[in-house]
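Just below is one structure, and these are the notes that go with it.
We name chains A, B, ... by the order of the sequence lines, and we start the count at 1 in each one. Note that this is a predicted model, so its numbers are computed, not measured.
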Amino acid sequence: MQIKIHSTGKHPSEKGLRYKIASVTILFFSMVWCGLFLSVPFLLKGNLTLQKIAALIRFFFTPICHQMESRSFHLAGHALPVCARCTGIYSGFMIGILTIILAGRFWKVRHPTRSFLFFGLAISGLEAILSFLNVFSSTLLTRSITGAVLGIIIAFFVMAALNQIVDRPINHEVKVWKELPVN
Amino acid sequence: MEGTPSKLSPALIGGAVIGVLSSVPLISMGNCLCCMWVLLGGGVAAYLYRKDFPPDREFTLGDGAVIGLIAGLFGALFTTLLTYFFEVLGLDPGQEFLRSFMESREDFPSEFQDFVDSFQDGGGMEPLFVFVGLFFSAIIDSIFGTLGGLLGAAIFGKRKKTEEIKSK
């Protein structure tokens with residue numbers, strides 16, 4: 001025998017707390033992510049253990065970025081383990097999350113329109129295509145800026161998704177025998 | 001959640017898309033473009049999940065993110081298994097990947113080079129390497145799978161009409 005408990009809402013303060021915890025968690029992990037790739041050039045300057053860690057971090061990013069040195073920013077004499085566009089996307093994402101949190105409007109990010117997403121994809125894609133066709137000469141800066149725009153837009157979608165997940169009604173099943181007192 | 005279709009089959013299909021495209025030699029290079037195949041797999045899972053959704057329920061970005069996350073985790077498992085399978089067949093996508101990785105780098109410690117050499121000498125199927133690969137894949141695929149599902153939901157998701165939302 002089962003009892004279905006369905007609650008359609010939560011107390012506003014509980015929602016607020018859950019939003020804050022979830023948004024700060026996302027911000028924390030995005031900062032860790034950016035910290036990982038930004039730390040590599042400095043780790044390579046350290047002792048052997050730090051260099052091994054740097055190699056592992058670079059290895060970690062290998063499947064998700066071409067890591068071409070000519071298309072990557074350099075810090076402390078070493079290339080970052082992700083290209084300028086990826087650097088822009090990840091940094092833009094982190095800045096977007098941070099901005100939404102600091103602006104205190106996290107709970108208002110509900111339904112970003114898909115044209116907003118297409119704009120971000122188009123601006124980055126167009127820059128890449130025009131550069132490929134030699135119509136426009138892209139630089140590290142233009143790649144990172146268009147990537148950052150896309151990253152900021154994705155941050156809005158992630159926050160909206162988080163909002164919807166946190167906002168969901170509680171719906172779970174509890175078996176009666178578990179609810180009964182033992183004695 | 002009540003009234004929602006099963007997540008298992010769309011997540012499995014999405015995971016299979018990720019696994020196949022991310023492990024077949026050459027094709028897997030597509031992941032260098034912002035994890036394209038993992039994003040695609042998450043998006044496919046979101047699309048399939050949305051198709052089975054009841055018409056009276058809104059398919060939200062949150063639904064897409066959750067199904068994308070599950071697809072990403074399946075994808076990591078499939079990628080590791082298929083990569084192992086290709087190595088058994090002698091296609092060695094892992095070794096090819098490591099070789100290109102090391103050729104492009106000169107700033108690595110020699111110990112790391114030794115590790116890669118041992119892998120290329122036939123140590124690539126060691127449980128440790130498979131485990132590390134699975135661990136890295138699980139992190140990357142779950143993040144980008146979630147993102148793919150979320151973007152899939154943004155593109156394919158159905159939205160209630162404005163009047164419907166206002167009436168609430």
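Residues Ile154(A) and Leu147(B) have side chains in contact (heavy-atom distance under 4.5 Å, counting atoms from C-beta outward). Ile140(B) is not listed as a side-chain neighbour of Phe61(A), based on a closest heavy-atom distance of 4.5 Å or more. Looking only at side-chain heavy atoms (C-beta outward), Cys32(B) and Cys65(A) stay at 4.5 Å or farther from each other.
Looking at Tyr90(A), the atoms closer than 4.5 Å to chain B (heavy atoms on both sides) all sit in the side chain, from C-beta outward. Proximity to chain A involves both the backbone and the side chain of Ile155(B), based on heavy atoms less than 4.5 angstrom apart. Interface remark: Phe116(A) contributes no atoms to any contact with chain B (heavy atom separation under 4.5 Å).
Annotation: the span from Asn31(B) atom CG to Ile64(A) atom CD1 amounts to 9.0 Å, rounded to 0.5 Å. Taking CG of Leu150(B) as the reference point, atom CD1 of Ile165(A) lies at 8.0 Å (rounded to 0.5 Å).
Placement of Ile139(B) and Leu39(B) within a single hydrophobic cluster is found when ILVMFWY residues are connected by side-chain heavy-atom separations under 4.5 Å, directly or transitively. Hydrophobic cluster membership differs between Val24(A) and Ile97(A), with clusters built from Ile, Leu, Val, Met, Phe, Trp and Tyr side chains linked at under 4.5 angstrom. Transitive grouping of hydrophobic side chains (ILVMFWY, heavy atoms separated by less than 4.5 Å) keeps Leu12(B) and Leu73(B) in distinct clusters. Both Ile27(B) and Leu40(B) belong to a common hydrophobic cluster when Ile, Leu, Val, Met, Phe, Trp and Tyr are linked at side-chain heavy-atom distances under 4.5 angstrom. Under a hydrophobic clustering in which Ile, Leu, Val, Met, Phe, Trp and Tyr are joined whenever their side-chain heavy atoms come within less than 4.5 Å, directly or via other members, Phe119(A) and Phe156(B) fall into the same cluster.
Nearest heavy atom pair, residue Trp33(A) against residue Ile143(B), reads CZ3-CD1, 3.6 Å.
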Applying side chain to side chain contact (heavy atoms under 4.5 Å, CB included), run through Cys34(B) and Ile89(A) and close with a yes or a no.
CA-CA 9 Å; Cys34(B) 296; Ile89(A) 291 172; 3.7 Å; yes

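Options Phe136(B), Phe144(B), Trp37(B) differ in how many heavy-atom pairs under 4.5 Å they form with chain A, and the most are formed by Phe136(B).
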